[in-house]
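Here is the structure we will look at.
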Amino acid sequence: MSTIPPQRMNELYPWQHTIWQQVRGTVALKTHALLLKGRKGIGKLDFARNLAKSLLCERVTAEQAACGMCASCKWFEQGTHPNFNLMTPEVFAESSGEAASESSCTDKQDADTVKTRKKPSQHITIEQVRALNDFVYLSGHQDGFKVVLIHPAEAMNIPAANALLKKLEEPPSRILFMLVAHRSQDLLPTIRSRCQQITMPVPDAASVRNWLTQQEVKQPDICMALAGSSPLQAVAFSHDDYFAQYTDFIRQISQPASFDPISLTNKLYKLDVPDIVSWLQKWCYDLMSFSTTGKIRYHPHQEMAIKKLVATADPKLLASFWRNLITTQQLSRHPLNARLFLEEMLLSYIRVIAPERYKG
Ligand SMILES: [Zn+2]
C-alpha cells in the first residue's frame with residue numbers, strides 16, 4: 001500500500017491527448033513494464049499517475065479516463081490505494097508533494113527541515129525495492145490489477161536496479177511497472193530493454209505559451225525563454241519567490257564591478273544548488289553564444305548586459321569555465337558544503353568575467 005501523502009493531481013496536459021490514446025488504449029494493456037521517458041518538466045509524472053488511476057478505476061469514462069467517483073479513484077486521490085505503490089527517493093517522499101513533482105522549485109521551509117534532520121536519501125534504495133515483495137507477490141485488493149510507479153527511475157542505485165531487474169525478468173501476472181525517467185540513458189540497459197519505451201511528447205512553443213497563459217503565468221515569454229520547452233519548469237520560474245531570487249541572481253552576476261560572490265552566496269545557499277548551477281550555465285551559454293554567433297537563447301531581455309560582459313571577458317577562459325560547469329552540475333547534486341561550493345563557483349566566474357579585479 002502506498003504511504004505517500006496525497007498530492008494535488010493534474011489532469012492530462014493538452015499536449016498529452018494523443019499519447020494517452022495510444023498508451024491507455026493499447027500499449028499499457030499489453031505489457032508488464034512501461035518506461036515513460038523525456039525531458040524534465042513536460043508532465044511525465046502526472047501522465048503516469050493519471051494512467052495508474054485510470055487502470056485501477058472501476059468505471060472508466062468513454063475516453064478511458066478515471067471516473068473520479070468510484071472507491072478506487074477515492075483511494076487513489078487520498079494516497080491510500082492498496083493496489084498502487086509509488087517508489088520515489090526518500091528526499092521526495094519526506095517533503096510535501098511539491099518536491100516530488102517535476103518542477104524544480106524548492107521551498108525554503110523544506111530546505112530548512114531537510115537540513116536539521118538526518119539527510120534523506122537522494123536514491124531509490126535496494127531496501128525500497130525489497131519492500132515491494134509483499135505488494136508484488138501477495139494478492140492485493142480483490143485480486144485486482146496492481147501498479148508500481150517508479151519516479152525518477154534513474155534515481156535507483158545499482159543494487160536497487162538489479163533487484164528490480166529480477167522482478168521484471170519474471171513478472172508476476174496482473175501487475176504493471178511504470179518507470180518514469182528524465183535521463184533514461186542512465187538506466188541499466190537491461191532494465192530499458194525489459195520495458196516498453198514511450199517517448200513523452202514535448203509541446204511546441206505555441207502550445208506552451210497558450211497553456212502558460214491559461215495558468216495565468218505573468219511573464220510567459222521570459223519564463224519560456226528560461227525553461228525552453230518544459231512548461232512545468234516555466235511555471236516554477238513564474239512563482240514569485242523563485243522568479244525574484246533568479247532575477248536578483250542575474251542582476252548581480254551581470255554587474256561584475258559591484259558583484260560580491262560571498263554576499264550573494266549568503267542569499268543562495270539554502271536554495272536548490274543544482275538549480276543555481278543551471279542558472280549560471282544558461283547565463284554563460286548566452287555569453288558564449290552571443291560572442292560567437294550574436295544570438296541569445298535564454299536571456300533575450302538582457303542583451304545590453306550580455307554585450308558589455310562579452311566585450312571584456314577573455315573568450316578562452318570563458319569557454320573553459322562554461323565547459324567546466326558540466327562537471328560542476330554533476331557535483332552539485334551532492335555538495336559537501338553548499339556554501340563553499342557556491343562561493344568557489346562564483347569566485348571562478350568573477351575571475352573569468354572581470355579579470356581586472358584580480359590583477360596586481
Ligand atoms: Zn473510478
Side-chain angles (χ1 to χ4, degrees), residues 1-7 28 31-37 44-45 47-49 51-53 55-56 72 75-97 99-102 110 113-114 117-198 333-334:
M1 186 176 86
S2 165
T3 52
I4 302 297
Q7 293 169 25
T31 185
H32 64 277
L34 267 182
L35 169 57
L36 303 174
K37 58 183 184 177
K44 300 184 297 301
L45 179 60
F47 182 91
R49 291 174 59 83
L51 185 58
K53 189 178 176 189
L55 290 167
L56 296 168
S72 174
W75 290 334
F76 195 91
E77 284 159 18
Q78 291 160 4
T80 57
H81 201 297
N83 285 13
F84 176 66
N85 197 308
L86 173 63
M87 212 158 66
T88 198
E90 209 177 84
V91 68
F92 287 174
E94 286 210 345
S95 57
S96 67
S101 80
E102 287 185 42
D110 282 348
T113 319
V114 165
R117 276 185 286 160
K118 180 181 160 279
K119 229 177 164 185
S121 176
Q122 307 257 358
H123 297 287
I124 295 173
T125 62
I126 186 165
E127 288 76 21
Q128 285 173 279
V129 180
R130 280 191 187 133
L132 268 183
N133 281 344
D134 282 357
F135 177 82
V136 169
Y137 297 109
L138 299 182
S139 58
H141 175 67
Q142 295 180 340
D143 276 346
F145 191 75
K146 291 185 235 175
V147 181
V148 176
L149 171 53
I150 306 175
H151 173 267
E154 65 268 33
M156 281 187 288
N157 59 23
I158 298 287
N162 280 321
L164 180 74
L165 188 58
K166 287 202 189 103
K167 292 181 169 52
L168 296 182
E169 279 166 351
E170 291 171 30
S173 62
R174 297 187 56 68
I175 187 155
L176 175 66
F177 289 92
M178 239 189 266
L179 285 70
V180 175
H182 313 307
R183 298 189 310 272
S184 62
Q185 71 277 13
D186 291 354
L187 289 170
L188 290 182
T190 41
I191 289 214
R192 282 203 304 268
S193 70
R194 298 266 164 199
C195 296
Q196 178 80 40
Q197 301 190 34
I198 307 287
R333 289 178 207 144
H334 312 285

Using every non-hydrogen atom in the two residues, find where Phe84 and Arg49 come nearest and quote the distance to one decimal. CE2-NH1, 4.5 Å

Could you tell me if the side chain of Val147 sits less than 4.5 Å from the side chain of Asn83, heavy atoms only? no

What are the two closest non-hydrogen atoms of Val129 and Ala160, and how far apart are they? CG2-O, 3.7 Å

Can you tell me how far CG of Leu34 sits from NE2 of His32, rounded to the nearest 0.5 angstrom? 10.0 Å

Distance-only, no hydrogens or angles: does the Arg194 side chain make a donor-acceptor pair with backbone N or O of Leu165 under 3.5 Å? no

Taking side chain to side chain contact (heavy atoms under 4.5 Å, CB included) as the test, write out the residues that go with Arg130, two or more places apart. Ile126

Residues which pass side-chain hydrogen bond (donor to acceptor under 3.5 Å, both in side chains) with Asn162, listed by chain and number, not counting sequence neighbours: none

Tell me, please, which residues at least two apart from Asn133 pass side-chain hydrogen bond (donor to acceptor under 3.5 Å, both in side chains). Lys167

Trp75 and His81 aromatic ring geometry - parallel, tilted or perpendicular at 30°/60° bounds: perpendicular

For Pro89 and Ser121, work out which heavy atoms get closest and say how close. CB-O, 3.7 Å

Approximate separation, where rounding is to 0.5 Å, of Leu86 CG and Met178 CE: 10.5 Å

Over all atoms of both residues, closest heavy-atom pair of Phe135 and Pro82: CE1-O, 3.3 Å

Lys44-His182 side chain donor-acceptor pair, cut-off 3.5 Å: yes

Is there a donor-acceptor pair under 3.5 Å between the side chain of Gln128 and the backbone N or O of Met87? no

If only atom types and distance count, is the side chain of Thr88 paired as donor or acceptor with the main-chain N or O of His151 below 3.5 Å? yes

After noting the C-alpha distance and the side-chain angles of Ile124 and Leu164, does the key distance pass the side chain to side chain contact (heavy atoms under 4.5 Å, CB included) rule? CA-CA 11 Å; Ile124 295 173; Leu164 180 74; over 6 Å; no

Test side chain to side chain contact (heavy atoms under 4.5 Å, CB included) applied to Ala33 - qualifying residues, sequence neighbours left out: Leu168, Phe177, Cys195

Under the side-chain hydrogen bond (donor to acceptor under 3.5 Å, both in side chains) rule, collect the residues that match up with Glu127, sequence neighbours excluded. Thr125

Quick one: side-chain hydrogen bond (donor to acceptor under 3.5 Å, both in side chains) partners of Gln122, sequence neighbours excluded? none

Please identify which of these residues, Ile198, Ile191, Leu179, meets the side chain to side chain contact (heavy atoms under 4.5 Å, CB included) condition with Leu35. Leu179

Check the pair Gln185, Lys37 against side chain to side chain contact (heavy atoms under 4.5 Å, CB included), reporting the backbone distance first and the verdict last. CA-CA 10 Å; Gln185 71 277 13; Lys37 58 183 184 177; over 6 Å; no

Heavy-atom donor-acceptor pair, Gln196 side chain to Thr31 backbone, under 3.5 Å: no

Would you compute the distance between atom CG of Leu187 and atom CD of Gln197 and round it to the nearest 0.5 angstrom? 8.5 Å

